[in-house]
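Note that ligands are numbered from 1 as they come in the structure, with each ligand's atoms numbered from 1 the same way.
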Amino acid sequence: MTDLTTAKQMLGELIGFPTISSDSNLDAIAYMAEVLGRAGARVEILRDESGQKANLWATIGPQDRDGGLVFSGHSDVVPVQGQDWSRDPFDMYEHDGRLYGRGSCDMKGFIACVLAMAPRLSETVGDRPFHFAFTHDEEVGCLGGRALVEELAKRPVRPALALIGEPTLMQVVDGHKGCCEYTVRFTGTGGHGSSPEAGVNAVEYATRYIGKLMQLRADLKARAPEGSPFDPPHTTINIGALHGGTTHNVIPSAAMLDWEMRPINDADQAFVKDAVAQFIAAEILPEMRRLSPQADVVTEVVGEVCGLLPMPENEIRDMVQHLTGANGASVVPFNTEAGLFQQLGMQAIICGPGSIEQAHKPDEFIEIDQMAQCLDLIGKLAVHHG
Ligand SMILES: [Zn+2]
């Protein structure tokens, strides 16, 4: 069997596990563990608190050596409800050089390529190990990736490089913004609209908070570093939704605001978070509580996914560029687990088969030729890094 035949067959198996983020991924992880185990990897299955989800961490080669290369992918997929699929999304089918199925490009196609090449990696591995990080719950805020990186941080062994196989049409990507989502709940005191000062108007405080965010948005534009590769070049803030109040003549006692920030770096993220916390603690909350001690402003962190900051030094970027003949690396507008690995001190890139255009859509597919290119790259990495 050729590598491509094996990878296609494995992709069919992987798509057959309906690993929608809300459901268990244990069967899919068990399948990956079995394939890697057969190739001689030492495999760990790390379950989450619910026991229904797991990350997989596996190593081929020396267990106790630094400097390894991590192949990273998420096992979960987005739901298919409400989408108009031509066929069963969890039964892969081939048509016109494409493989169709939920997760085919995002990102089981990459995982299938890695699994198919595991025996080769086993043959070529030398001093520097190959690692495999297959996570749960990426699509709902990188929960698995975060747990895995926390676990790895406790260990003495330090992998050096990470290749995240999110779909980039096999282009080399070395940066993306982060994504932080917040829901803020304002609790005031209701009353009759004829005496506005007798209540604490939650909607008014929410709009003042929005005013603060808009002021910060202007500050962030001015903070954009020279030569920033991102589009737009600065950290952005978006007001997504504001709910509150019932009718004209009632003081609203509750309001809820959804907003997001896409930071280009940690410093901007801290700048905004500090400014907002300070604004609540020093300005609006004391004012609200003067009239009503129960008044409150509570911020829920829906998700904080860190970005991948392009770095001047990046061995895996240079290596993959050299091996694929790519000239230059770019940035992408979507989020990945790459920033988590960077926070752990690793050099990371995103490079994977298929296009993000097909991700999350009905009739998701991956071009078979993309998988062939990915297998080729892994084969070269096996020799080059091994
Ligand atoms: Zn993905």
Side-chain angles (χ1 to χ4, degrees), residues 7 10-11 14-15 17-23 25 28-29 32 53-56 70-81 83 89-90 92 98-115 132-149 162-181 260 262 302-308 330-342 348-367 370-371 373-374 377-378:
M10 287 178 170
L11 178 54
L14 290 172
I15 287 174
F17 299 107
T19 49
I20 297 163
S21 310
S22 53
D23 301 329
N25 72 339
I29 290 287
M32 298 173 197
K53 307 281 184 76
N55 288 324
L56 177 151
V70 180
F71 293 99
S72 154
H74 60 81
S75 66
D76 60 319
V77 296
V78 296
V80 295
Q81 271 149 337
Q83 294 188 338
F90 298 107
M92 185 180 82
R98 295 169 170 179
L99 298 167
Y100 288 83
R102 173 51 87 225
S104 51
C105 78
D106 185 16
M107 54 186 291
K108 289 176 171 175
F110 173 76
I111 295 178
C113 290
V114 173
L115 293 178
F132 306 85
F134 300 141
T135 57
H136 64 88
D137 286 318
E138 189 271 349
E139 299 286 5
V140 289
C142 294
L143 307 181
R146 207 166 304 156
L148 179 64
V149 163
L163 175 71
I164 290 87
E166 292 275 3
T168 65
L169 287 170
M170 295 304 294
Q171 301 300 303
V172 181
V173 167
D174 70 344
H176 62 73
K177 293 183 184 183
C179 184
C180 306
E181 295 181 327
E260 65 147 38
R262 307 233 166 184
V302 179
E304 285 182 333
V305 179
C306 52
L308 176 66
S330 56
V331 299
V332 286
F334 55 88
N335 263 247
T336 76
E337 296 175 325
L340 291 168
F341 290 102
Q342 187 175 57
I349 57 163
I350 305 147
C351 180
S355 165
I356 197 72
E357 282 300 309
Q358 275 83 51
H360 302 194
K361 301 221 174 99
D363 292 335
E364 176 181 345
F365 68 83
I366 187 166
E367 303 267 359
Q370 282 287 309
M371 291 187 64
Q373 286 184 44
C374 184
L377 172 63
I378 298 170

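Under a 3.5 Å cut-off, the side chain of Glu364 and the backbone N or O of Asp106 do form a donor-acceptor pair. For Lys53 (side chain) and Ser21 (main-chain N/O), a donor-acceptor pair under 3.5 Å exists by modelled atom type. A donor-acceptor contact shorter than 3.5 Å is absent between the side chain of Ser75 and the backbone of Phe134.
The nearest N/O/S atom of Asp106 to the Zn ion (ligand 1) is OD1. Nearest N, O or S atom of Glu166 to the Zn ion (ligand 1): atom OE1.
Counted within 6.0 Å of CD on Gln83, heavy atoms from surrounding residues, nucleotides or ligands total more than 12; the atom is thus considered enclosed.
Residue contact annotation: Glu139 places no N/O/S atom under 2.8 Å from the Zn ion (ligand 1).
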